[in-house]
Structures are given as C-alpha cells and as structure tokens.
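To start, the structure itself, in structure tokens.
Computation of the quantities below employed the complete heavy-atom set of this structure, encompassing side-chain atoms and omitting hydrogens, waters and symmetry-equivalent molecules. Indexing begins at 1, ligand by ligand and atom by atom, following the structure's order.
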Amino acid sequence: MVTNNRGVSPAGPARIYAHIVGWGMAVPDQIMTNDDLALLVDTTDEWITQRTGIKQRRIAGETETTATLGLKAARRALDVADIMPETIDMVVVATSTPDHIFPSTASLIQAGLAANRAGAFDLSAACSGWVYAVQMAAQAIQSGAIKTAVVIGAETMSRVLDWQDRGTCILFGDGAGAVVLQGSPNPGGVLSAVLRSDGTGGDVLGIPSVGTIDYVGDDVGLPELNGHKFSKMHMNGGETFKFATRVIGESVTQALEMANLTIRDVKLIIPHQANLRIINAAARSLKVDEGLFMCNLDKYGNTSAASIPIALVEAVEQGRLKQGDPVVFVGFGGGLTWASMVVRWGAPMPEAGAFKKQRRALTYSWARFRSRFARWTRQFNQTVNRVRPEQGRIERLRHRIDRKLP
Ligand code: UT7
C-alpha cells in the first residue's frame, strides 16, 4: 500500500466519497439446529427460540478457518465489484477469532486474493469490528490516501465457545461477509460514523488469549480476568443485553444527526445479529417499526464481526436496498465497543465482465501456486543452510584432529 495525495488538485482537494461497490458472504455447509444443541447442553429449542430468535447456526468444518471463509467472501465481493485483485490497496479483517495472532488473517487473505499491492491488517473490536473497519477504510479513501479497500468480517466462533456453557454456546455461529469500498466523485457512500468504547466493561464479555496473566486485584485498573477459561468465550448475558439496548438507539440517532438525516429517512437498519429481543427493544427506543430492521439471526445465530456484512449481503439479494437509500449499520459487543454508520447506498454498478472473472480465477490459482512455491523455497533454503554450516564445522574439526592442532 503506497499512500499519496491523490485527489488533491491545484484548485483544492476534490471531494472523494467511499462507496460500497461489491459484497459477498460465505458460511460453512454444516448446520447445527437448536435440537442438535439440546443433545449437548441442558437447553431446548423452545427456550432458545423464545429468548433469542435463533433457530440454527453454521459450524466450520475441519478444513475451514476464519481465513478460508473470509477469502471466499472477499472473492465473491470482488466478483460483484468486477475488479482485479491488483487494484486493491488495503485488506482489513475484523475478527475475534483470527487463525493466528500473526500473521494476520488479513495477510493470509491478501495472499489468497493475490492482492499484491495491498497493505493488510486485522482489527479487534469484537462484534462492532466490521463497522470500525469500514470506517477506517472509508476515511483512508476519502482522504485520497487509497482508492480501493476490501473490508471483511469473519469468525469461527465455534472454536472459542465453551460447549459446556449453555449461556453462550447456544448463541454463536461461524461465517464471513465482505465488501469492496471504492473512491468515487459521485456523492454518497459512507456519510457518517460513531465509534465508541467503554473499557470499564471489559469484563462483561471476552476471550482470554495469549497475553492473559492470572493477576489478582486491579491495581493497574484493568478488569479481572481470573476464573475464565483460556481461549474460551465468557459473557455476562444480562449486562450485555442492557448495554446493547441502551447504545443502539443513542448511537444510531447520533450518526443520523451527523449525516443531516432523521430516522424517518432511513430505508433499512442492519444491526449486529445478537438477539431478536435486543433488535425489537431498539425498534421501540427509536420509535420505528421492527420491519425496518434486517434480521437473519434465525439462520446463522450471532456471527460476531461477520453478522452485519452477512445480513447486508442477504438484504441486497432480497432487494431491500435501492440506489440512493440511506442504510444504517449498528454493531455492539466486547470491549465494550459499539459503532453506528450511515451509508447512502449505491454507486453505479459495473457491468459484470466474463473476461475479468476468468482472469481473477487464473490469478487465484497463480496465488495458490506462488504461496506454495515461496514456502517450499524457504524450506529448501533452510535445509541447505542448516546442513552447510554444520558440514563446515565438522570439516574444520576433522582438519584440526588430523593435524593434531590444539
Ligand atoms: O455479540 C455479543 C453480544 N451478545 C449479546 O448481545 C447477548 C446478550 N444477552 C442475551 O442475549 C441474553 O442475556 C441471553 C440469551 C444470553 C440469556 O437470556 P436471558 O433472558 O437474559 O436469560 P438469563 O441469563 O436471565 O437466564 C434465565 C434462566 C436462568 O435460569 P433460572 O436461574 O431462572 O432458573 C438460566 O439458568 O434461563 C436459564 N438459561 C437457560 N435455560 C435453557 C440460561 N441459558 C439457558 C439455555 N437453555 N441455553
């Protein structure tokens, strides 16, 4: 990624807007129903449906990871945008379940896309992460620093769930959603965003990871992490519920004010898909019909940072968004974090080109080969270099012994 002053003319900076021009999603094939869950923990389909609205979720297979799901979603988004991977400047992945701490999941996806000019990084803001990531990319585009970004929300929550804790394991699922953001002089796209955090609620939900220590007391002002399982998700459901119902209305109203719009202008709200009761409470607090909210949590459960982009893709496929429609994204979750964003939907859609599609497929095959070749070359060189110094040392030793040198 090379940043420059693109978009700045002698007459002053030309205004650049960040539009969503491509979208795609990927979920595992494997479905886990509420009845399946009732075989694992003490719960029922009736309880889960009444308390959450969730009926089923997708669970990653053995060869599926956050990166593989994110890559699939990103490739689909590139197909819709009909752009070549080499035009991408930035790949951002919002996730709480990265394949590794590093390399970032974004770097793995960047390699899989053969986005060879792109910078790549992961962003950690739990279930609000995708909205945060879109805003980071949009601001880079609006400033003229970059032109095209791929922003992905991807999770394999099934790998961090405590499958003995019925309070959390019934809620979550796996999946990925992605968008392509591109700069354009046409007014619209990302209009405003409110990104917020309250770290004093850090103990309300979280996943203790590699840096966790078992300290006692809060002399450094950090929340207590003692007692939670390493690498497993813990959540205080009631507190999260109260927090979510409070911040959705507040932050959506704020973001709309910043965009000079009111709730009456909004055509669709795409919330983080955590719980149907939270969404209904948000509709009451904003004094709008529940139908204004996109909801697909019955099919996928809570896919954390992936839930909003997955719901966006399904909203587009259902024809719920038209050119010029104001749409609101709102996320909330661990941190505590929350984020609302207003987008005016629709940049001119490119003609889908079969030729470019074939070129993309070839590029992806080449990317796979290149990654394997690079790994193989590194391994080969390591082996050779390991043997050579060792051989040299033995040679020198033999030389010394033969000549009986000290
Ligand atoms: O993406 C991150 C954001 N996360 C969220 O937004 C989650 C927000 N919180 C929630 O969605 C809800 O708090 C839950 C769905 C997690 C829990 O619903 P709730 O209505 O707050 O239930 P509760 O925790 O107050 O529990 C009520 C009862 C308890 O039994 P008693 O003490 O009344 O006898 C629980 O033990 O329900 C019991 N319970 C269950 N029963 C059957 C808790 N989980 C289950 C379960 N099946 N899975």
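In this structure, the protein non-hydrogen atom closest to atom 39 (N) of ligand 1 is Trp47 CZ2, 3.4 Å. In this structure, atom 35 (C) of ligand 1 lies nearest to the protein heavy atom Arg166 NH2, 3.8 Å. Protein heavy atom at the shortest distance from atom 47 (N) of ligand 1 is Thr43 OG1, 2.6 Å.
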Practice task
Take Lys232 and Asp165, measure what salt bridge (Lys or Arg N to Asp or Glu O under 4.0 Å) needs, and give me the verdict at the end.
Solution key: CA-CA 10 Å; Lys232 294 292 165 207; Asp165 175 14; over 6 Å; no
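At a heavy-atom distance under 4.0 Å, only side-chain atoms of Cys127, from C-beta outward, approach ligand 1. Contact annotation for Thr52 and ligand 1: only side-chain heavy atoms (C-beta onward) come within less than 4.0 Å of the ligand. The proximity of Ile278 to ligand 1, defined as any non-hydrogen pair under 4.0 Å, is limited to the side chain. At a 4.0 Å heavy-atom cut-off, ligand 1 touches Leu205 through the side chain alone.
Near Asn275, the atoms of ligand 1 lying under 4.0 angstrom from a non-hydrogen atom of the residue are 10 (C), 11 (O), 15 (C). Of all atoms in ligand 1, listed by their number and element, those nearer than 4.0 Å to a heavy atom of Ala274 are 5 (C), 6 (O). In summary, the atoms of ligand 1 found under 4.0 Å from a heavy atom of Arg277, numbered by their order in the structure, are 18 (O), 19 (P), 20 (O). For ligand 1, the atoms lying closer than 4.0 Å to a non-hydrogen atom of Phe332 are 6 (O). In the vicinity of Asp42, heavy-atom distances shorter than 4.0 Å reach the ligand 1 atoms 42 (C), 47 (N). Residue Arg51 approaches ligand 1 through these ligand atoms, each under 4.0 Å from one of its heavy atoms: 19 (P), 20 (O), 22 (O), 27 (C). Interface atoms of ligand 1 facing Ile170, defined by a heavy-atom separation under 4.0 Å, are 48 (N).
Applying the 6.0 Å contact sphere to CG of Asn381 captures more than 12 heavy atoms from other residues, nucleotides or ligands. When the shell of 6.0 Å around CD of Gln164 is examined, it contains 12 or fewer heavy atoms from other residues, nucleotides or ligands.
Counting heavy atoms from C-beta on, the side chains of Ile54 and Gln273 never come closer than 4.5 Å.
Ring planes of Phe380 and Trp376: parallel class, angle under 30° (limits at 30 and 60°). Relative ring orientation between His234 and His228 is described as parallel, the plane-to-plane angle staying below 30° on a 0-90° scale split at 30° and 60°.
Between atom 1 (O) of ligand 1 and the options Asn302, Asn236, Val204, the minimum heavy-atom separation is to Asn302. Across Ala244, Ala305, Gly237, heavy-atom proximity to atom 9 (N) of ligand 1 is greatest for Gly237.
For the salt bridge (charged side-chain N to carboxylate O under 4.0 Å, His left out) with Asp82, the qualifying choice from Arg359, Arg360, Lys357 is Arg360, the only one to do so.
Remark: Lys229 engages Asp162 in a salt bridge, criterion side-chain N to carboxylate O under 4.0 Å. Between Arg320 and Asp325 there is no salt bridge, since none of the side-chain N atoms of the basic residue sits less than 4.0 Å from a carboxylate O of the acidic one. Between Arg117 and Asp89 there is a salt bridge, with a side-chain nitrogen of the basic residue lying less than 4.0 Å from a carboxylate oxygen of the acidic one.
Closer than 4.0 Å to atom 4 (N) of ligand 1 lies at least one heavy atom of the protein.
The closest approach between a heavy atom of Ile48 and any atom of ligand 1 is not below 4.0 Å. At least one heavy atom of Gly238 lies less than 4.0 angstrom from ligand 1. Residue contacts with ligand 1 include Gly167, since one or more of its heavy atoms lies under 4.0 Å from the ligand.
Below 3.5 Å of separation, one finds no N or O of Thr240 facing any N or O of ligand 1.
Interatomic distance, Phe172 CZ to Ser158 OG, rounded to the nearest 0.5 Å: 12.0 Å. Here the CE-CG distance, from Met157 to Asp174, works out to 8.5 Å after rounding to the nearest 0.5 Å.
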